[in-house]
Amino acid sequence: QVQLVESGGGLVQPGGSLRLSCVASGSINRINTMGWYRQAPGKQRELVVVLNSGGGTNYADSVKGRFFISRTNAAKNTVFLQMNSLKPEDTAVYYCNANILGSGSDYSTNYWGQGTQVTVSS
């Protein structure tokens, strides 16, 4: 059993910053990718950024230069999303996502966190 737990959302003024955290726990053999998606009201869920096991990243064009993903060095089971220069259009529920090979499994599975609300408003 694998769980993703997010934290760090909230209300911030335009131009402000927030940092989200996501911790993966459970019976984990290997984490292939971890990243963040977001879903605004009335819109489809979209990729924000994904980080692969080799350290490579893929950012959405809309957040390049403003959002930065990082992870802990030791267990590599925690990722952070530093969000700077936030805009009202960044308002959404942010979901942590991870592709994980569980202990004793032959295949990897996609897992989702419960989501955390980020609201950018004056």
Side-chain angles (χ1 to χ4, degrees):
Q1 191 74 8
V2 173
Q3 283 189 319
L4 302 181
V5 178
E6 303 133 335
S7 61
L11 173 65
V12 65
Q13 291 187 340
S17 298
L18 279 176
R19 190 173 86 151
L20 307 182
S21 302
C22 175
V23 180
S25 63
S27 301
I28 297 172
N29 185 331
R30 184 181 71 242
I31 297 176
N32 299 312
T33 63
M34 285 187 79
W36 296 89
Y37 286 71
R38 67 186 181 186
Q39 187 166 19
K43 295 188 176 181
Q44 289 188 329
R45 192 172 296 189
E46 63 177 7
L47 171 73
V48 176
V49 59
V50 64
L51 173 68
N52 64 37
S53 57
T57 57
N58 182 28
Y59 287 91
D61 287 343
S62 59
V63 306
K64 283 181 181 176
R66 300 187 299 121
F67 290 14
F68 302 94
I69 192 169
S70 60
R71 65 183 175 190
T72 54
N73 289 328
K76 297 185 179 180
N77 67 329
T78 302
V79 290
F80 305 96
L81 182 65
Q82 179 66 42
M83 304 185 293
N84 302 323
S85 301
L86 282 160
K87 304 175 182 180
E89 50 263 43
D90 294 318
T91 296
V93 178
Y94 284 69
Y95 295 91
C96 181
N97 171 268
N99 185 269
I100 294 173
L101 177 65
S103 299
S105 293
D106 295 326
Y107 54 88
S108 298
T109 301
N110 244 8
Y111 294 91
W112 292 93
Q114 79 281 4
T116 184
Q117 177 70 45
V118 171
T119 302
V120 184
S121 175
S122 55

Subject >> Residues in ring pair (Phe, Tyr, Trp, His ring centres under 6.0 Å) contact with Y111, at least two apart in sequence or another chain >> reply: none

Original post:
Taking C-beta and beyond as the side chain, do T116 and L20 meet within less than 4.5 Å on heavy atoms?
Top reply: yes

Original post:
Which heavy atom in A92 sits nearest to a heavy atom in Q117, and how many Å separate them?
Top reply: O-NE2, 3.5 Å

Original post:
How about Q114: does its CD atom have over 12 heavy atoms from other parts shown lying under 6.0 Å from it?
Top reply: yes

**OP:** Could you grab the distance from atom CE of M83 to atom CZ of R38, nearest 0.5 Å is fine?
**Re:** 9.0 Å

Original post:
What's the spacing between D90 CG and T119 OG1 if we round to 0.5 Å?
Top reply: 11.0 Å

Subject >> Distance, nearest 0.5 Å, that separates OH of Y95 from CG of L4 >> reply: 13.0 Å

**OP:** Could you go through the side chain to side chain donor-acceptor pair (under 3.5 Å) check for S17 and N84 one step at a time?
**Re:** CA-CA 4 Å; S17 298; N84 302 323; 3.0 Å; yes

**OP:** Please examine the side chains of T109 and V2, heavy atoms only from C-beta on, and report whether any two atoms are closer than 4.5 Å.
**Re:** no

Original post:
How long is the gap from CH2 on W36 to CG on L51, to the nearest 0.5 Å?
Top reply: 12.0 Å

Original post:
Does a sphere of radius 6.0 Å around CD in E89 hold more than 12 heavy atoms from other residues, nucleotides or ligands, not counting ones at 6.0 Å or beyond?
Top reply: yes

Subject >> S21 side chain reached by V79 side chain, heavy atoms, under 4.5 Å >> reply: no

**OP:** First locate atom CH2 of W112, then atom SG of C22, and finally report the distance between them rounded to the nearest 0.5 Å.
**Re:** 11.0 Å

Subject >> CG-CG distance between N99 and N52, expressed to the nearest 0.5 angstrom >> reply: 11.0 Å

Original post:
Between S70 and R19, is any pair of side-chain heavy atoms under 4.5 Å apart?
Top reply: no

Subject >> Sidechain N-carboxylate O distance under 4.0 Å for D61, K64 >> reply: yes

**OP:** Answer yes if the side chains of N32 and S108 hold a donor-acceptor pair under 3.5 Å, and no otherwise.
**Re:** yes

Original post:
Between E6 and C96, is there a donor-acceptor pair closer than 3.5 Å when you use the side chain of the first and the backbone of the second?
Top reply: yes

Original post:
What about F68 and L81, same hydrophobic cluster or not, with Ile/Leu/Val/Met/Phe/Trp/Tyr joined at side-chain heavy-atom distances under 4.5 Å?
Top reply: yes

Original post:
Think R45 forms a cation-pi with Y37, using NZ or CZ under 6.0 Å from the six-ring centre and within 45 degrees of its axis?
Top reply: no

**OP:** Indicate yes or no for a side-chain donor-acceptor contact from R71 to the backbone of S53 under 3.5 Å, with no hydrogens or angles considered.
**Re:** yes

Original post:
Hey, are the side chains of P88 and S121 touching, using non-hydrogen atoms and a 4.5 Å cut-off?
Top reply: no

Original post:
In a check of side chain to side chain contact (heavy atoms under 4.5 Å, CB included) between T91 and each of V120, V12, L11, which one passes?
Top reply: V120

**OP:** Would you confirm whether Y59, through its side chain, and I69, through its main-chain N or O, come within 3.5 Å as a donor-acceptor pair?
**Re:** yes

Subject >> Heavy-atom donor-acceptor pair, N77 side chain to A24 backbone, under 3.5 Å >> reply: yes

